[in-house]
There are 2 protein chains.
Amino acid sequence: MGISKSENFSERENEIAALLKALAHPARIAIVEYLLSVDSCICGDIVNHLPLAQPTVSQHLKELKNAEIIQGTIEGTAICYCINEKTLKKIQLYFGKLENKMKSKCC
Amino acid sequence: MGISKSENFSERENEIAALLKALAHPARIAIVEYLLSVDSCICGDIVNHLPLAQPTVSQHLKELKNAEIIQGTIEGTAICYCINEKTLKKIQLYFGKLENKMKSKCC
DNA sequence: TTTGTTTATTGCAATATTACGATATATATT
DNA sequence: AATATATATCGTAATATTGCAATAAACAAA
């Protein structure tokens, strides 16, 4: 993106926006759904499952890891990636709170 | 973003990614929360409430409108913006489904 | 220690996003 | 009609994202 004036928004607004941004790509959605659907979560499996080159997938994994949406543990040469449930639940809770504020007031 | 190979992902993955992308900016989060918190929803109020220039806010409103997260109705010279509850509920439902798939299987 | 395997990093081209001044448009008021 | 008000659009600079080839790094096995 261009210059984002994040310093003028609240920490809360920046935090939820950053979490959603980390998920806001079809490849990263696909990664999260894949990790939720399989037992194994070896990085190579994810690479094979996506229509993207290995470095590109690695980059998407890094973004998800930075946002704490996934986490990885080393297993010999491979890396086992999995969902960080805490973060996904935090996002779900956020939308739950939004729904509670809906009152169908105008338009 | 750069070239996004969206044609290689499912419609479902692209759709949810696009919805999240529309929300993935602190200004747009602030707009949604503001619309949920006030009764009035005149465009000018939103502009005054945000630390951004009017054309920038207008651009963010357009993105939210394109994603059908908000909708606007003309009221004389002004425009009344409000939340499209259906879309927010769709997002909430999505994260609810994700949570159902969590099984704490590895890592 | 050489070789193979797996994942991460670097560097770069193509494209998208963000922000805003200037300006246009559309409606209301006088 | 002229003016004021409210919002959208255009043009553009600055920066971010996406994707991948090439390469590095880290570890295992021979």
Side-chain angles (χ1 to χ4, degrees), chain A residues 1-9 13-14 17-31 34-35 40-67 70-82 107, chain B residues 1-9 13-14 17-31 34-35 40-67 70-82 107:
Chain A
M1 300 164 201
I3 322 151
S4 189
K5 301 180 79 173
S6 55
E7 70 276 11
N8 293 320
F9 294 97
E13 287 159 348
N14 281 311
L19 279 179
L20 297 183
K21 189 163 80 171
L23 280 176
H25 189 287
R28 296 194 292 270
I29 289 289
I31 290 170
Y34 182 70
L35 286 179
S40 111
C41 48
I42 305 291
C43 176
D45 292 346
I46 300 171
V47 171
N48 291 331
H49 190 252
L50 292 192
L52 296 169
Q54 179 267 322
T56 308
V57 175
S58 188
Q59 202 171 268
H60 285 303
L61 288 170
K62 193 180 177 183
E63 279 180 71
L64 288 170
K65 205 164 49 177
N66 284 343
I70 64 172
Q71 56 203 172
T73 54
I74 299 173
E75 286 202 355
T77 320
I79 293 191
C80 176
Y81 275 114
C82 71
C107 294
Chain B
M1 298 163 203
I3 322 149
S4 188
K5 301 182 79 173
S6 55
E7 70 276 11
N8 293 320
F9 294 96
E13 286 159 349
N14 281 312
L19 279 179
L20 297 183
K21 189 163 80 170
L23 279 175
H25 190 288
R28 298 196 289 270
I29 289 289
I31 290 170
Y34 182 70
L35 285 178
S40 114
C41 47
I42 306 291
C43 175
D45 292 345
I46 301 172
V47 171
N48 291 331
H49 190 252
L50 292 192
L52 296 169
Q54 179 267 323
T56 307
V57 174
S58 188
Q59 203 171 270
H60 284 305
L61 288 168
K62 193 180 178 183
E63 280 180 72
L64 288 170
K65 204 163 50 180
N66 284 342
I70 65 172
Q71 58 203 172
T73 54
I74 299 172
E75 285 202 357
T77 320
I79 293 191
C80 176
Y81 276 113
C82 70
C107 296

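The sequence lines fix the lettering, A, B, ..., with proteins before strands; numbering per chain opens at 1.
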Between A:Ile29 and B:Asn14, is any pair of side-chain heavy atoms under 4.5 Å apart? no
Are any of [X]'s side-chain N or O atoms less than 4.0 Å away from OP1 or OP2 of [N]?
{"X": "A:His60", "N": "D:dT17", "value": "no"}
{"X": "B:Lys62", "N": "D:dT9", "value": "yes"}
{"X": "A:Ser58", "N": "C:dA8", "value": "yes"}
{"X": "B:Tyr81", "N": "D:dA6", "value": "no"}

Name the closest nucleotide to the [X] side chain, picking from [options].
{"X": "B:Lys21", "options": "C:dA28, C:dT17, C:dT18", "result": "C:dT17"}
{"X": "B:Thr77", "options": "C:dA26, D:dA8, C:dA8", "result": "C:dA26"}
{"X": "A:Lys65", "options": "C:dA8, C:dT18, C:dA19", "result": "C:dA8"}
{"X": "A:Gln59", "options": "D:dG19, D:dC27, C:dT18", "result": "D:dG19"}
{"X": "A:Thr56", "options": "D:dT7, C:dC20, D:dC20", "result": "D:dC20"}
{"X": "B:Leu61", "options": "D:dG19, D:dA8, C:dT18", "result": "D:dA8"}

Tell me if a side-chain donor or acceptor on A:Arg28 pairs with a main-chain N or O of A:Ala22 at a distance below 3.5 Å. yes
Check whether B:Asp45 reaches the backbone of B:Cys41 with its side chain - one donor and one acceptor, N or O, closer than 3.5 Å. no
Aromatic ring pairing B:Phe9/A:His25, orientation class (parallel under 30°, perpendicular over 60°, tilted between): perpendicular
By nearest-nucleotide position on DNA chain D, the 5'-leaning member of A:Ile74 and A:Ala53 is A:Ala53
For A:Pro55 and for A:Ala27, locate the closest nucleotide of DNA chain D by heavy-atom distance; then report the residue assigned to the nucleotide nearer the 5' terminus. A:Ala27
Rounded to whole Å, please give me the gap between NZ in B:Lys5 and C1' in D:dT18. 11 Å
Check A:Ile79 against A:Gly72 and note the closest heavy-atom contact, atom names and distance. CG2-CA, 4.2 Å
Whichever of A:Ala78 and A:Ser6 has the more 5' nearest nucleotide on DNA chain C, that residue is A:Ala78
Under 4.0 angstrom, heavy atoms only, what part of the nucleic acid is A:Glu75 near: base, sugar-phosphate, or nothing? nothing
Would you state whether a donor and an acceptor, one from the side chain of B:Gln54 and one from the base of D:dA8, lie under 3.5 Å apart? yes
